[in-house]
Amino acid sequence: MKKYTLLIIVLFYGGFLALGQNSKILSSVKNVETKVDSVLALMTLEEKVGQLVQYNGSWDLTGPASELDNKQKEDNIKKGLVGSMLNVLSVRATKEAQKLLMENSRMKIPMMFGYDVIHGYKTIFPVPLGETASWDLEAMENSARIAAIESVANGINWTFSPMIDISRDARWGRIMEGSGEDPYLTSMVAIAKVKGYQGNDLSGDLTIAATAKHFAGYGMAEAGRDYNTVNLGENELHNTVLPPFKAAADAGAATFMNSFNEIDGIPSTGNKNLQRDILKGVWNWDGFVVSDWGSIPEMINHGFAKDKKQAAEIAIKAGSDMDMEGGAYESSLLELVLEGSVDEKLIDDAVKRVLRVKFKLGLFDDPYKYSNPEIAANISYEDHKKAARDIARKSIVLLKNENNLLPLKPGVKSIGVIGPLANDKDSPIGNWRAQGEANSAVSVLEGIKTAVGRDVKVNYALGTTLGIGERSFLMPLEINTTDRSGYKEALEMAKKSELIIMVLGEDAFQSGEGRSQSKIGLAGLQQELLEEIHKVNKNIVLVLINGRPLELSWSSENIPTIVEAWQLGSESGNAIADVLFGKYNPSGKLPVSFPRTVGQEPLYYNQKNTGRPSSDLHVTYSHYTDVKKDALFPFGFGLSYTQFEYGEIDLSSPEMNADGNIEVSIPVTNTGKVIGKEVVQLYLRDMIASRTRPVKELKGFQLLDLKPGESRIVKFVIEEKMLQFYTINKIWESEAGEFEVFVGGNSRDVKSAAFNLIKNKA
Ligand code: NOJ
C-alpha cells in the first residue's frame, strides 16, 4: 500500500505525466496491479476510451472497412487514443506504428499488435481440425510455440487463437479452425495452445498473448450457416460449449474474443451473462475481451441496438472490453460516460484489464520489444519445418486399408498420381494461413517423388481442375463442373499404372470463415473422375486434402484405401509420403464424426439417447428411414498398419465414494507385425441424472507406443470431478448413481464396465 501511494505521488508530480520518463520507477515495482492502478489514475477519460479501441492496419482487410481514413487513424495513434492494432505486419511496420504513439502521445502507453496466427505464421502447420487428429498435446503445444516465435520475429505480440468453438456440423466452414465436436478434447488442446503461445511467462522474449475465441456458441450456428442464429439451452451452453473456454481461462489465456452470433436472442457481444457474470465473475478471469471484427455495431443488424451509440453502451455494460474495428467505442463511449449513461467504473475496469496484459507482456519495460530484427535473424526455419512434418504426419488418419494396400510395398514399379490436388502446392496451406506463402507447400507428387527410389516410375495426371481462379478471402468460389478435358490422359495413365494415388478434396479456401456449404461431397467433377478411374483400375489409394469432414459413402464402399490428410501445411507432401511408404505408421484419430450423408448433420457421437433410441426397428423415431443412424467414420476412429486388441476392463471397485476414486485397467496388445501408436480413449456415461446426459463422453486418453506382440495394461483413474456436470442446480456437481465406463480405440468400438457413485445425503 505504501509503495502504491508513493508510486502515484511520484508519477503524478514527476514531469507532465510522461510515462516514458517514469518507466524506470514503474519497472522497479513488482506488483502488476499496483502498476495498473497507478497508470490508470493518471489517464484522462478520453485516453481511457482510447485503450479500448483497436484499429486495423489496413494491410490485410478481413471485414467491412472502417469509416476513418488512415490519416485520421494516424492522428489518433499520435494522441494515444488507440489501444491496439491488428494486421500490422513486420517488425518495421509495428515499430513505425509504435513510434508514432510513443513519440507523440502524452501517456505513452504502448499498443499491442494482434494477428490471426491460427496454424502457424510462416511455417504452416496442419489446420487446427487436422492437428487435433494427432491427439498429441505436446506436439500441438510445440507448433504454437513455433508460431509464437515466428510472430515475434515479425512484430506480433498477440494471436487471435486458439479457436475453441465446439462444432458438430461439417457444413460450417469454420469447423476447420477448431478442434471438432468434443468438449474434453478441445479443452485439452486449448490448454496446450495457450501454453505454447504464452509459455510460462508472458513477459518472455518469445511469447505472445493468446485469445480464446469465439465466446461463445459460434460453432453451433443453425444448419452450419456461418454467422447464423444459435439456439442453445443452458444445458448445452454449460456442458458442451463453455468447458474449453473455462479450461483456457484457467490456463491463463490473456484475452478472449467474443462472437458474431446471438444465443437465444442475445448477441454474444452484448451478453452480460456470458462475459461479465460467467467469465469475469464466476471464473474470476482477469484478462480482457476483444470484440470480433465489427461485432459491436453489428448488433444494429441483429436488431438489438438502434445505432452505434446504443451498441457501444450495450457492449461495454455486457463486458466487451475492446472494440475491433467497429468504431463504436471511439465514437460514443466518451459521450456515454459524460452524459451519465455509462458508469466510468466500467471503463476503468476494461482499461485495467488491457493495461494488465500490456504489463504482463513487458511492453511498458520496452515498447519495441516485439520489433526486434535480431529475433528473425536467429530463427531456424529448417527446424520449424521438421516440427511441421512431425505433426503433419501424426495428424493423418487412415480411414480404410483393405487388403493392406498401404504401406506401399518396395516391389511396386509404377505409381500413377492423379487429381486436381495431387500437385497442388497451395491447398495444403489451407485457410487462415497468416504469412504462409501461396504455393509453398510440398505437394503430394513432390513428396512421393522424393520418397521413391529411382526404379519406381511415378506418372502424374491432373484429371480435372477444381476450376478455381483467383482465390481470395471474400470471393465466392467457383468450381469446375464442365471441363473434362483432362480425363483422357488420366484414364490412359490409370490403365498402365500398377497402383493409383488419387488426391482429391477441397481447395484451400473452400472451408474457413464465410465458407459454409450445403454439400460436403467431393466438389466439382472429382467424384465423377474417381468413379471413371475406378472403372479401369481398382487399386486406388484415395488421399484427401480438406478442412471439413467429407461425405465419403461411395468411396468407403468402393475404394480399398482412404487416407484423410486434411490441409497439413508446409510439409504436407512429405508427411503424406512418410505414411504412404510406411516411414510413419499412421496414428491419427478423427476429432469429428464423418457422416454417411450430409443430411445427417449435425452429427456427433456424444448425443442423447432420446426416449425412443432403438436402432433395430424398421421404423425408428430418432433417426432417418433412408440412412443408418451412426457415422460412417465415428469420432475417435483411425486405423494403423498394425492392429490393437483390447482385453476386458477391470475396475478397482464397483463403487466409488465422492472423495475416492476408481482405477480402470485394460490390457492393450499390438497383435500386428509393426510398431504402432494407439490413442486409448476413456468414455463415461452418467446413466440417470437430473439433466439427461450424453450416451458417451470422452474423459481421458493416452497415447501408447507398442512393439509387435507387446501388451500393456493401460490405467485411468476416475475421480469425482470427472463425473461432474452443470446440473439442474446451476452448479457443477456430480450425482450419485450408476455410471458406465467405456475404453476403446474409437468412440464406437469399446469395452465397457459399470460402477456406482455413492454420495452421502446431507
Ligand atoms: C473475424 C473472425 O471471426 C475472427 O476470428 C478474426 O480473429 C477476426 N476477424 C480478425 O481477423
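Order of appearance sets the numbers: ligands from 1, and atoms from 1 within every ligand.
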[X] versus ligand 1: do any nitrogen or oxygen atoms come within less than 3.5 Å of each other?
{"X": "Y218", "result": "no"}
{"X": "D116", "result": "yes"}
{"X": "E177", "result": "no"}
{"X": "W432", "result": "no"}

Centroid-centroid distance, F113 to Y370, less than 6.0 Å |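 No, the ring centres sit 6.0 Å or more apart.
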Assert yes or no for the condition that the ring centre distance of W135 to Y184 is strictly below 6.0 Å.
->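 For W135 and Y184, the ring centres are not under 6.0 Å apart.
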Say whether M163 and ligand 1 are in contact under the criterion: heavy-atom distance to a ligand atom below 4.0 Å.
->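 Judged by the 4.0 Å heavy-atom criterion, M163 does not count as contacting ligand 1.
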Whether L86 lies under 4.0 Å from ligand 1, heavy atom =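 Yes; L86 lies near enough to ligand 1 that a heavy-atom distance drops under 4.0 Å.
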Without hydrogens or angle criteria, can the side chains of [X] and [Y] be said to hold a donor-acceptor pair below 3.5 Å?
{"X": "E564", "Y": "N546", "answer": "yes"}
{"X": "N258", "Y": "Q275", "answer": "yes"}
{"X": "E131", "Y": "S143", "answer": "yes"}
{"X": "T123", "Y": "Y381", "answer": "no"}
{"X": "D169", "Y": "S167", "answer": "no"}

Given that the side chain starts at C-beta and the backbone is N, CA, C, O, which of these parts of Q54 lies under 4.0 Å from ligand 1, counting heavy atoms, or is it both or neither?
->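 The answer is neither.
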For ligand 1, which atoms, with element, lie under 4.0 Å from some heavy atom of [X]?
{"X": "F260", "value": "1 (C), 3 (O)"}
{"X": "M257", "value": "4 (C), 7 (O)"}
{"X": "K213", "value": "4 (C), 5 (O), 6 (C), 7 (O)"}
{"X": "D292", "value": "1 (C), 2 (C), 3 (O), 4 (C), 6 (C), 8 (C), 9 (N)"}
{"X": "F160", "value": "7 (O)"}

Compute both the distance and the angle, then confirm whether K394 meets the cation-pi test with W566: under 6.0 Å from the six-membered ring centre, within 45 degrees of the axis.
->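 Judged by the rule (NZ or CZ under 6.0 Å from the ring centre, within 45° of its axis), K394 is not positioned above W566.
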